[in-house]
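To keep things clear, I will list the structure first and then write my remarks on it.
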Amino acid sequence: MRDIILKAVANPPKLFWAPVLPAALNAGVQVPFMFMAIGMWQINPLIFIVSIVLGHMFIIGLGAKDPHLSGMLQAFGTTNLSSTNLYREKGNKFEP
């Protein structure tokens, strides 16, 4: 049981050698634009496929530098909240 936990922590999930969340965001943003451009302007989809591959290679490079990039993005999304202070003080106070 201990080996499975350590492996999951040491080796975060990857999608074609890139961290899952940035790779999914790359495909989730560029693929709809590709289909819209094909439908509206009859643009060759090869341009978008090249840009998707180049973006994925960039994300692979970032993932090689920091393999826990997906976890860092998820943690930033939950901690980047602004708080409202009940008392007039300088800065954010996380107390009621």
Side-chain angles (χ1 to χ4, degrees):
M1 181 71 174
R2 188 173 176 94
D3 294 334
I4 296 171
I5 294 171
L6 292 176
K7 185 176 179 182
V9 171
N11 297 325
K14 301 209 178 277
L15 181 67
F16 299 116
W17 306 284
V20 173
L21 188 60
L25 287 173
N26 179 37
V29 168
Q30 290 197 27
V31 169
F33 281 124
M34 176 180 72
F35 285 121
M36 286 189 294
I38 291 170
M40 291 192 305
W41 301 298
Q42 289 80 32
I43 293 178
N44 188 358
L46 188 61
I47 297 168
F48 287 98
I49 295 195
V50 168
S51 71
I52 290 171
V53 170
L54 289 176
H56 194 77
M57 288 173 54
F58 178 72
I59 293 170
I60 289 172
L62 291 177
K65 183 178 177 185
D66 187 10
H68 296 281
L69 188 61
S70 293
M72 288 174 41
L73 288 174
Q74 288 173 342
F76 178 74
T78 58
T79 58
N80 190 25
L81 301 174
S82 61
S83 67
T84 56
N85 298 337
L86 293 177
Y87 306 107
R88 294 186 61 91
E89 295 182 22
K90 187 174 182 180
N92 287 331
K93 307 296 182 208
F94 294 105
E95 299 175 356

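Only this structure's heavy atoms are used, side chains among them; waters, hydrogens and symmetry mates stay out. All values derive from a computational prediction rather than experimental measurement.
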Heavy-atom side-chain proximity of Ser51 to Met34 below 4.5 angstrom = no
Hey, does Ile38 have a side-chain heavy atom less than 4.5 Å from the side chain of Gln42?
-> no
Is the shortest heavy-atom distance from the side chain of Phe48 to the side chain of Val31 under 4.5 Å?
-> no
Met57 atom CE, over 12 foreign heavy atoms within 6.0 Å | no
Apply the side-chain contact (heavy atoms from CB on, under 4.5 Å) test between Leu21 and each candidate in Leu73, Ile59, Leu15; give the one that qualifies.
-> Leu73
Quick check: does any side chain N or O of His56 sit under 3.5 Å from a backbone N or O of Trp17, one acting as donor and the other as acceptor?
-> no
Between Val50, Ile43, Ile49, which is the residue that forms a side-chain contact (heavy atoms from CB on, under 4.5 Å) with Ile47?
-> Ile43
Are Phe16 and Val53 in one and the same hydrophobic cluster, where Ile, Leu, Val, Met, Phe, Trp and Tyr link if side-chain heavy atoms are under 4.5 Å apart?
-> no
Does the side chain of Leu69 reach to within under 4.5 Å of the side chain of Pro22, using non-hydrogen atoms?
-> yes
Flag the pair Pro12 / Ser70 as yes when at least one side-chain heavy-atom distance between them is below 4.5 Å, and no otherwise.
-> no
